[in-house]
Asks: 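Below you will find the structure I want to go over with you.
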Amino acid sequence: MSDRVLAAIDSSQFSEGVCDYAAWAAQALDAPLSFIHTVDNHAQVAEPDLTGNLGLGTREHLLEKLSAIEEQHAKVSRERGRLLLDAAKERAANAGIADPQCLQRNGTLVETLV
């Protein structure tokens, strides 16, 4: 167990409050502050049923398109997370925290914390 305040943030309406209370706790405990954001890259929708009357090469083409879309989605999610962490860092700096640590990890929050 480390002597650190760890605040998990996401894009919800509660993140600003989490940042403020984490900064307050870090100051009250005289402990370093870390923000963490996780990017869950697990598929959010069921894989489409590609069976049926598909022509030759159509299935492979559709799979390539789906793969490209998922890759783009992952990039956007990572960028959004980076922006969230930057905003949290700035908010903490405005509250008097010298240099909060920002961490971005892939997976679920529970997996990351374990």
Asks: Could you tell me if Ser34 and Arg4 have a donor-acceptor pair between their side chains, going purely by distance under 3.5 Å?
Replies: yes

Asks: Indicate, with yes or no, if Leu84 and Ile97 share a hydrophobic cluster defined by side-chain heavy-atom contacts under 4.5 Å among Ile, Leu, Val, Met, Phe, Trp and Tyr.
Replies: yes

Asks: Taking Ala95's backbone N and O only, do any of them form a donor-acceptor pair with Gln27's side chain (distance below 3.5 Å, no angle check)?
Replies: yes

Asks: Once rounded to the nearest 0.5 Å, what's the spacing between atom CD of Gln104 and atom CG of Asn106?
Replies: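 Taking CD in Gln104 and CG in Asn106, the distance rounds to 7.5 Å.
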
Asks: Is there a side-chain contact between Asp99 and Lys89 (heavy atoms, below 4.5 Å)?
Replies: yes

Asks: What distance do Cys19 atom SG and Asn94 atom CG have between them, rounded to the nearest 0.5 Å?
Replies: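 If I round to the nearest 0.5 Å, the distance is 11.0 Å.
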
Asks: Is any side-chain heavy atom of Asp86 closer than 4.5 Å to a side-chain heavy atom of Glu90?
Replies: no

Asks: Backbone N or O of His73 within a donor-acceptor pair of the Ser77 side chain at under 3.5 Å?
Replies: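 Checking the backbone N and O of His73 against the side chain of Ser77, a donor-acceptor pair under 3.5 Å is found.
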
Asks: OG1/Thr38 to CG/Leu103 distance, rounded to the nearest 0.5 angstrom?
Replies: 11.0 Å

Asks: Let me confirm one number: the CG-NE2 distance from Leu66 to His61, rounded to the nearest 0.5 Å.
Replies: 10.0 Å

Asks: Out of curiosity, does Phe35 fall in the hydrophobic cluster containing Val18 (side-chain heavy atoms, cut-off under 4.5 Å, transitive links)?
Replies: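 Linked, Val18 and Phe35 end up in one cluster.
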
Asks: Counting only heavy atoms from other residues, nucleotides and ligands, does the tally under 6.0 Å from CD of Glu16 exceed 12?
Replies: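 It does not: Glu16 CD has 12 such atoms or fewer within range.
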
Asks: Provide the closest heavy-atom pair for Ala31 versus Val5 in the form atom of the first, atom of the second, distance.
Replies: CB-CG2, 4.3 Å

Asks: Rounded to the nearest 0.5 Å, what separates atom CZ in Arg80 from atom NE2 in His37?
Replies: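 Going from CZ on Arg80 over to NE2 on His37, the span is 7.0 Å.
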
Asks: Can you get from Leu33 to Leu85 by hopping between Ile, Leu, Val, Met, Phe, Trp and Tyr side chains that sit under 4.5 Å apart?
Replies: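 Result: yes, single cluster for both.
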
Asks: Is there a side-chain contact between Leu109 and Asp10, using heavy atoms and a 4.5 Å cut-off?
Replies: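 No - every pair of side-chain heavy atoms lies 4.5 Å or more apart.
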
